[in-house]
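Structure first, commentary second.
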Protein chains: 2
Amino acid sequence: MNLTDSINRPTLHEELVERLRNLVVEDVLKPGEKVPEKQLCDSLGVSRTPLREALKVLASEGFVVLQANRGARVASVTRDELENTFPVLATLEQLAGELACQHMDSAEIEQIERRHADMLKAYESHDRQAYFRANQDIHQALIRGARNDILESHHKLLAARVRRARFMANLSDERWAQAIDEHEVMMELLRARDADGLGKSMKLHMMNKLSALVKALEAEDELLS
Amino acid sequence: MNLTDSINRPTLHEELVERLRNLVVEDVLKPGEKVPEKQLCDSLGVSRTPLREALKVLASEGFVVLQANRGARVASVTRDELENTFPVLATLEQLAGELACQHMDSAEIEQIERRHADMLKAYESHDRQAYFRANQDIHQALIRGARNDILESHHKLLAARVRRARFMANLSDERWAQAIDEHEVMMELLRARDADGLGKSMKLHMMNKLSALVKALEAEDELLS
DNA sequence: AAAGTTAATTATGAATTCATTATTCAGTCA
DNA sequence: TGACTGAATAATGAATTCATAATTAACTTT
């Protein structure tokens, strides 16, 4: 019996960082929107002190922008930011792929195998929600498999910031099919424990995601002009 | 005339983040050491509120560790952390090298050339201090040259965290000579704007730094046993 | 009515206060 | 003497208060 668990209540500000980050990532708080402290305090039932501490952390993570004496705004995901973030994410995933091939045991690989099957099923039944979940789980498992906390934390942060992009543009059928193909390749390379190959294909996968995203955003701009 | 400059006084907590981070990176606050809030408040002349906000940020950056109701400790640089951080730094530098070749203009390259010359001079006169400064400037300029803010911020954070390592083990003459050679190669590749080559050599340079560091630390352990 | 000016209101940055949890230390008992 | 108990002290987490900057609203003035 673990007694520390019941005692290990996280501090208020830690919980708030989690909750607020989720509100931003899940697009409940919209980019550019002001974040009025008092209002949030009331709705969350906390005082300003821990909330402000949380906002400082969120700001250092890049989810909000602070202006002295003018409060916090939700950081907007500009195209420029996407185009800067994806290459960094891509190299991190490349490294993760290489390390994962070296460090994952077969039980872990089998687990990914199962999640991969889930993903295919979701694709066939056109269930975007389930697809996103399975896809995210697979990437996260590969990162975990790299056995590198530093890599994991930085990847997590960048992935969260970019995750909002899925609210900006919808996944096209064409890109969806391509992504599935890429995942098939990745699975094969993982099975073969081809470190270099998996790294490269994960990097490519990420950069293709960016291309598709940029294309989709441009298409949306066309509609508006 | 820029009027915003005089007005743009950073908030207290931002200054504190900077100052405290420097105290950690410059090894004034030693790893494992407790960080008593009151004492720091007195010596810095601020109240606890902004100081605590700063500590939260430092914690999210990994420079201190917070324990609920037990305050903050300076994070210790374990060998494990070094071995995790350097590969990540190395891939980031690889990416930076590739992008720098594409984006830097010749004036910027010439500036690096000059700093490179400074570095060689410092090497010849065995001035470690000057060498570290020039070396750091060169790496930073290459990162800047990549024209990618996300890359830059993450690199900056990781670089600061391992910078403390130089207080842990001294640079051996052998490694110093090798590092100089590697820098020569890097300069040549930059002049030739060989993106792939520069990326790879920067990555290798970083990993060699890690090897040397680990070796030096093991040698120190020998002495203690 | 529109632009500009000043006063009132609101929101934020920072200090202080309060409540709770750790830590220290004196005293007890084996 | 040495381990345990519990009170006293100190440190931390969070709420509140205070001072100041920003925003809004009211009021001129043209």
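No side-chain N or O of A/Thr91 forms a donor-acceptor pair with one of B/Thr91 less than 3.5 Å apart. In this model, a donor atom of one side chain and an acceptor atom of the other lie less than 3.5 Å apart for B/Thr11 and B/Glu14. Side-chain contact of B/His103 with B/Asn148: a donor-acceptor pair under 3.5 Å is absent, judged by distance alone.
Taking the six-membered ring wherever Trp is involved, the centroid distance between the rings of B/His139 and B/His205 falls below 6.0 Å.
Summarising the geometry, the separation between CG on A/Asp42 and P on D/dT16 is reported as 11 Å, rounded to the nearest angstrom. The separation between A/Leu40 atom CG and C/dT12 atom P is 10 Å, rounded to whole Å. Distance B/Lys34 NZ to C/dT23 P: 8 Å, rounded to the nearest Å. We find that CG of B/Leu12 is positioned 14 Å from P of D/dA21, with the value rounded to whole Å. The nearest whole Å value for the distance from the CD atom in A/Glu14 to the P atom in D/dA14 is 9 Å. Separating the CD atom of B/Glu53 from the P atom of C/dA14 is a distance of 7 Å, rounded to the nearest angstrom. The separation between B/Lys38 atom NZ and D/dA11 atom P is 8 Å, rounded to whole Å. Put simply, CZ on B/Arg73 is 11 Å from P on D/dT12, counting in whole angstrom units.
Between A/Val46 and A/Asn69, the one whose closest nucleotide on DNA chain D sits nearer the 5' end is A/Val46. For the pair A/Thr49 and B/Pro36, nearest-nucleotide mapping onto DNA chain D gives the more 5' position to B/Pro36. Residue A/Lys56 is the one, among A/Lys56 and B/Arg48, whose nearest nucleotide of DNA chain C lies closer to the 5' end (criterion: closest heavy atom).
Once rounded to the nearest 0.5 Å, the distance linking CZ of B/Arg79 with CG of B/Leu213 reads 9.0 Å.
The B/Glu37 side chain lies nearest to D/dT12 when the options are D/dT12, D/dT16, D/dA22. Checking C/dA14, D/dA21, D/dT16 against the side-chain heavy atoms of B/Thr11 singles out C/dA14 as nearest.
Within the structure, a side-chain polar atom (N or O) of A/Ser47 is placed less than 4.0 Å from OP1 or OP2 of D/dA15.
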